[in-house]
Undergrad: 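Structure in structure tokens, see below.
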Amino acid sequence: MPSPQILRDIALFVEVAKRLSFSKAAEALDMPVSSLSRRISQFEAEIGIRLLDRTTRRTVLTSAGETYLAQASQLVEDAARSFDELVAQAKGPTGLLKVAAPPDFWAVQHLPDLTAEYSALHEQVHVHLDLQGAKVDLVREDYDLAIISEEPKDASLIVRRVGVTTNRLFAAPDYLEARGRPEHPGDLAEHDIVLPVASRTTTWQFRRDDEVIDATVSGRISCGDRNLARRFAVTGRGITLASDINVERDVSTGRLEPVLPEWQLPATSIYIATTSRLLPAKTRSYIDFVSKRLGGVLSEAGRPPQSTGARSLASRAETVLGLSGKR
């Protein structure tokens with residue numbers, strides 16, 4: 001039977017190997033770097049194999065270390081999950097839960113409330129919620145889970161789809177008054193589009209019932225941030241593609257108006273990503289809670305928006321036609 005110290009050293013090795021940094025691992029473990037380095041060196045001496053090559057600039061796994069990491073990680077995860085299950089039986093979910101989420105308007109608007117509701121149900125869990133604009137490295141940045149708006153390319157991540165956000169085109173009423181309201185996707189060629197890619201043109205696919213149309217659009221402004229694209233549209237710089245849930249307040253107050261609302265664009269899926277299927281109780285409980293609640297929020301936001309701009313347009317038409325007050 002291995003000594004308790006060997007089991008602890010295996011866990012220390014996994015922390016260093018995941019981050020490829022003694023300083024970051026020591027910070028996560030709340031122990032001095034010198035102590036961590038000494039324990040790893042003693043562990044390597046006991047097994048007679050070098051697992052990590054370290055220089056003043058970087059730490060890398062040896063071939064033996066890469067082979068052993070998978071086995072050691074599984075061992076540590078199983079031990080941690082077993083311990084967590086025992087604690088959860090007595091106290092319920094407990095510990096620090098680190099969650100990364102996109103800085104999209106829907107996340108800023110809804111995740112704080114959902115997280116506060118979860119926290120009220122699980123008083124032993126401390127939730128740290130971070131808005132991350134860039135892609136998150138769950139392992140090296142030590143997050144328990146990430147809520148993301150695109151399926152990750154990393155095949156090692158475990159993803160769970162929790163809902164979809166419907167996408168439409170939007171523009172400021174002043175812009176549409178000046179440039180005209182498109183009635184068909186082909187009309188977009190005559191408009192300024194705030195593009196989501198670093199290019200002067202892109203192609204969008206529109207669907208209406210059984211009709212599918214590819215429309216090439218262009219613009220003088222592009223940006224990769226959805227909130228910034230929304231700002232460009234609100235200030236009358238052009239038409240932008242946005243999720244209904246991200247602009248629902250702008251539509252309700254008349255700052256933005258749906259463009260071609262009867263035409264559908266491909267939806268955006270929302271996922272929760274983790275590094276393992278063997279999750280501690282705190283992570284599982286948060287995923288279950290947020291998945292159910294967030295799915296409902298996204299479904300509600302998927303209904304076609306009704307803007308004050310559209311209503312005012314109808315009122316102006318009635319006035320011009322002499323129909324005002326005639327019902």
Undergrad: What pairs with R54 under salt bridge (Lys or Arg N to Asp or Glu O under 4.0 Å), at least two apart in sequence or on another chain?
TA: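 For R54 the salt bridge (Lys or Arg N to Asp or Glu O under 4.0 Å) partners, ignoring immediate neighbours, are E44.
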
Undergrad: To which residues is V159 joined in a hydrophobic cluster, defined by side-chain heavy-atom contacts under 4.5 Å among Ile, Leu, Val, Met, Phe, Trp and Tyr, whether direct or through other members?
TA: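 The other cluster members (ILVMFWY side chains, heavy atoms under 4.5 Å, direct or chained) are I148, Y271.
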
Undergrad: More than 12 foreign heavy atoms under 6.0 Å from CZ of R208: is that the case here?
TA: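 Correct, the count exceeds 12.
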
Undergrad: Could you walk me through whether R230 and F170 pass the side chain to side chain contact (heavy atoms under 4.5 Å, CB included) test, one step at a time?
TA: CA-CA 9 Å; R230 167 197 158 275; F170 297 89; over 6 Å; no

Undergrad: Do V194 and C223 come close enough that some side-chain heavy atom pair is under 4.5 Å?
TA: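 They are in side-chain contact.
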
Undergrad: Are any of the side-chain heavy atoms of L97 and T283 separated by less than 4.5 Å?
TA: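 Sidechains of T283 and L97: in contact.
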
Undergrad: So which atom in V247 and which in A242 form the shortest heavy-atom distance, rounded to 0.1 Å?
TA: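 Nearest pair, atom of V247 first, then A242: CG1-CB, 3.8 Å.
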
Undergrad: In the structure I gave you, are the side-chain heavy atoms of V234 and L256 within less than 4.5 Å of one another anywhere?
TA: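 Yes, at least one pair of side-chain atoms sits under 4.5 Å.
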
Undergrad: Could you list the residues that satisfy side chain to side chain contact (heavy atoms under 4.5 Å, CB included) with S73, not counting sequence neighbours?
TA: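 So S73 forms a side chain to side chain contact (heavy atoms under 4.5 Å, CB included) with V14, L69.
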
Undergrad: For residues 232-252, pull every pair meeting ring pair (Phe, Tyr, Trp, His ring centres under 6.0 Å), keeping only residues two or more places apart or in separate chains.
TA: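 Matches after skipping sequence neighbours: none remain.
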
Undergrad: Quick one: CG on N167 to OG1 on T268, what's the gap to the nearest 0.5 Å?
TA: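 One gets 3.5 Å once the value is rounded to the nearest 0.5 Å.
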
Undergrad: For R277, which residues count as a side chain to side chain contact (heavy atoms under 4.5 Å, CB included) partner, sequence neighbours excluded?
TA: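 Counting only residues at least two positions away or on another chain, R277 forms a side chain to side chain contact (heavy atoms under 4.5 Å, CB included) with I158.
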
Undergrad: Under the side chain to side chain contact (heavy atoms under 4.5 Å, CB included) rule, what do D9 and Q42 come out as? Steps first, then yes or no, please.
TA: CA-CA 9 Å; D9 288 344; Q42 291 176 356; 5.7 Å; no

Undergrad: Could you see if L12 belongs to whatever hydrophobic cluster contains I49? Use Ile, Leu, Val, Met, Phe, Trp, Tyr and a side-chain cutoff under 4.5 Å.
TA: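 Yes, L12 connects to I49 through the hydrophobic network.
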
Undergrad: Between N246 (side chain) and W106 (backbone), is there a donor-acceptor pair under 3.5 Å?
TA: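 Checking the backbone N and O of W106 against the side chain of N246, a donor-acceptor pair under 3.5 Å is found.
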
Undergrad: What's the separation between atom OG1 in T165 and atom CG in D104, rounded to the nearest 0.5 Å?
TA: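 If I round to the nearest 0.5 Å, the distance is 8.5 Å.
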
Undergrad: Compare all side-chain heavy atoms of R226 with those of S149 and state whether any distance is below 4.5 angstrom.
TA: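 With C-beta onward as the side chain, the pair touches.
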
Undergrad: May I have all residue pairs that pass side-chain hydrogen bond (donor to acceptor under 3.5 Å, both in side chains) and include part of residues 59-71, sequence neighbours excluded?
TA: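 Qualifying pairs, neighbours excluded: none.
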
Undergrad: Enumerate donor-acceptor pairs with a distance under 3.5 Å from any side-chain N or O in residues 107-116 to protein atoms, sequence neighbours excluded.
TA:
from : atom 1 : to   : atom 2 : distance (Å)
T115 : OG1    : L111 : O      : 2.8
T115 : OG1    : Y286 : OH     : 3.0

Undergrad: Answer whether the closest heavy-atom distance between the side chains of D130 and V99 falls below 4.5 Å.
TA: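 No - every pair of side-chain heavy atoms lies 4.5 Å or more apart.
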
Undergrad: The criterion is side-chain hydrogen bond (donor to acceptor under 3.5 Å, both in side chains); which residues satisfy it with S37, sequence neighbours excluded?
TA: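 In terms of side-chain hydrogen bond (donor to acceptor under 3.5 Å, both in side chains), with neighbours along the sequence ignored, S37 is linked to no residue.
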
Undergrad: Can you see which heavy atom on A26 is nearest to which on L36, and at what distance?
TA: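 Of all heavy-atom pairs spanning A26 and L36, the closest is N-CD2, 3.7 Å.
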
Undergrad: Hey, what else clusters with L176 if you join Ile, Leu, Val, Met, Phe, Trp, Tyr whenever side-chain heavy atoms sit under 4.5 Å?
TA: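 Via sub-4.5 Å side-chain contacts, L176 links to L169, Y175, L188, I193, L195, W204, F206, I213, V217, I239, L241, V259, L260, W263, L265.
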
Undergrad: Do side-chain atoms of R50 reach the backbone of L52 as a donor and acceptor pair under 3.5 angstrom?
TA: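 Between the backbone of L52 and the side chain of R50 there is a qualifying donor-acceptor contact (under 3.5 Å).
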
Undergrad: Quick one: salt bridge (Lys or Arg N to Asp or Glu O under 4.0 Å) partners of D288, sequence neighbours excluded?
TA: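 Partners of D288 by the salt bridge (Lys or Arg N to Asp or Glu O under 4.0 Å) criterion, ordered by chain and then number, come out as R160.
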
Undergrad: To the nearest 0.5 Å, what is the distance between CZ on R168 and OG1 on T240?
TA: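 The OG1 atom of T240 is 14.5 Å from CZ of R168, to the nearest 0.5 Å.
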
Undergrad: Could you measure the distance from the CD1 atom of I272 to the CG atom of L145? Nearest 0.5 Å is fine.
TA: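 Atom-to-atom, I272:CD1 and L145:CG are 6.0 Å apart.
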
Undergrad: For P103, does its backbone N or O pair with a side-chain atom of N227 as donor and acceptor, under 3.5 Å?
TA: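 Answer holds: yes.
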
Undergrad: Any chance you could measure R181, atom CZ, to E257, atom CD, to the nearest 0.5 Å?
TA: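 Result: 4.0 Å between the selected atoms.
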
Undergrad: Any idea which heavy atoms bring A172 and A233 closest together, and the distance?
TA: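 Where A172 meets A233 most closely, the heavy atoms are CB-O, 3.4 Å.
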
Undergrad: Would you find a donor on one side and an acceptor on the other, under 3.5 Å apart, between the side chain of R237 and the backbone of T235?
TA: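 Checked: pair present.
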
Undergrad: Group every Ile, Leu, Val, Met, Phe, Trp and Tyr by side-chain heavy-atom contacts under 4.5 Å, then state whether I47 and L61 land in the same group.
TA: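 Yes; tracing contacts between hydrophobic side chains, which count when under 4.5 Å, links both residues.
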
Undergrad: Might you work through the side chain to side chain contact (heavy atoms under 4.5 Å, CB included) test for F13 and L51, ending with a clear yes or no?
TA: CA-CA 9 Å; F13 161 71; L51 301 173; 3.7 Å; yes

Undergrad: Is there a side chain to side chain contact (heavy atoms under 4.5 Å, CB included) between T275 and Y143 once you walk through the steps?
TA: CA-CA 9 Å; T275 58; Y143 287 100; over 6 Å; no

Undergrad: Between V33 and S23, what is the shortest heavy-atom contact and its length?
TA: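 The answer is CG2-CA, 3.9 Å.
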
Undergrad: Can you establish whether the number of heavy atoms outside K24 located under 6.0 Å from its atom NZ is more than 12?
TA: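 12 or below, so no.
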
Undergrad: Is there a continuous path of hydrophobic side-chain contacts, each under 4.5 Å between heavy atoms, that joins L96 to V76?
TA: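 Different clusters.
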
Undergrad: Check the pair T203 / D214 against side chain to side chain donor-acceptor pair (under 3.5 Å), numbers first and verdict last.
TA: CA-CA 6 Å; T203 300; D214 290 334; over 6 Å; no

Undergrad: With sequence neighbours left out, write down each residue that passes salt bridge (Lys or Arg N to Asp or Glu O under 4.0 Å) with R220, or none if nothing qualifies.
TA: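 So R220 forms a salt bridge (Lys or Arg N to Asp or Glu O under 4.0 Å) with D192.
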
Undergrad: Closest approach of K282 and Y118, non-hydrogen atoms and distance?
TA: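 The answer is O-OH, 3.2 Å.
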
Undergrad: Please find the pair of heavy atoms, one from E183 and one from D187, that lie closest to each other, and give the distance.
TA: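 Smallest interatomic distance, heavy atoms only, reads N-OD2, 2.9 Å.
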
Undergrad: For the side chain of R58 and the backbone of L20, is there at least one donor-acceptor N/O pair under 3.5 Å apart?
TA: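 No; zero donor-acceptor contacts below 3.5 Å.
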
Undergrad: Can you name the salt bridge (Lys or Arg N to Asp or Glu O under 4.0 Å) partners of R19, sequence neighbours left out?
TA: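 In terms of salt bridge (Lys or Arg N to Asp or Glu O under 4.0 Å), with neighbours along the sequence ignored, R19 is linked to E15, D142.
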
Undergrad: Would you indicate whether the side-chain heavy atoms of F105 and I245 approach each other to under 4.5 Å?
TA: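 They are not in contact (no side-chain heavy atoms under 4.5 Å apart), so the answer is no.
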
Undergrad: If you draw a 6.0 Å radius around CD in E211, do more than 12 non-hydrogen atoms from other residues or ligands fall strictly inside?
TA: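 Counting other residues, nucleotides and ligands, CD of E211 exceeds 12 neighbours.
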
Undergrad: More than 12 heavy atoms of other residues, nucleotides or ligands under 6.0 Å from CD of E117: is that the case?
TA: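 Atom CD in E117 is packed in, count exceeds 12.
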
Undergrad: Measure from the side-chain N and O atoms of R284 to the backbone N and O of L279, and report whether any donor-acceptor pair falls under 3.5 Å.
TA: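 Present.
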
Undergrad: L29, L75: one ILVMFWY side-chain cluster at the under-4.5 Å cut-off?
TA: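 Both belong to a single hydrophobic cluster.
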
Undergrad: Quick check for you: to the nearest 0.5 Å, what is the distance between I270 atom CD1 and I147 atom CD1?
TA: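 CD1 of I147 is found 9.0 Å from CD1 of I270.
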
Undergrad: Do I40 and V60 share a hydrophobic cluster (ILVMFWY, side-chain heavy atoms under 4.5 Å, transitive)?
TA: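 Looking at the clustering, V60 is in a separate group from I40.
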
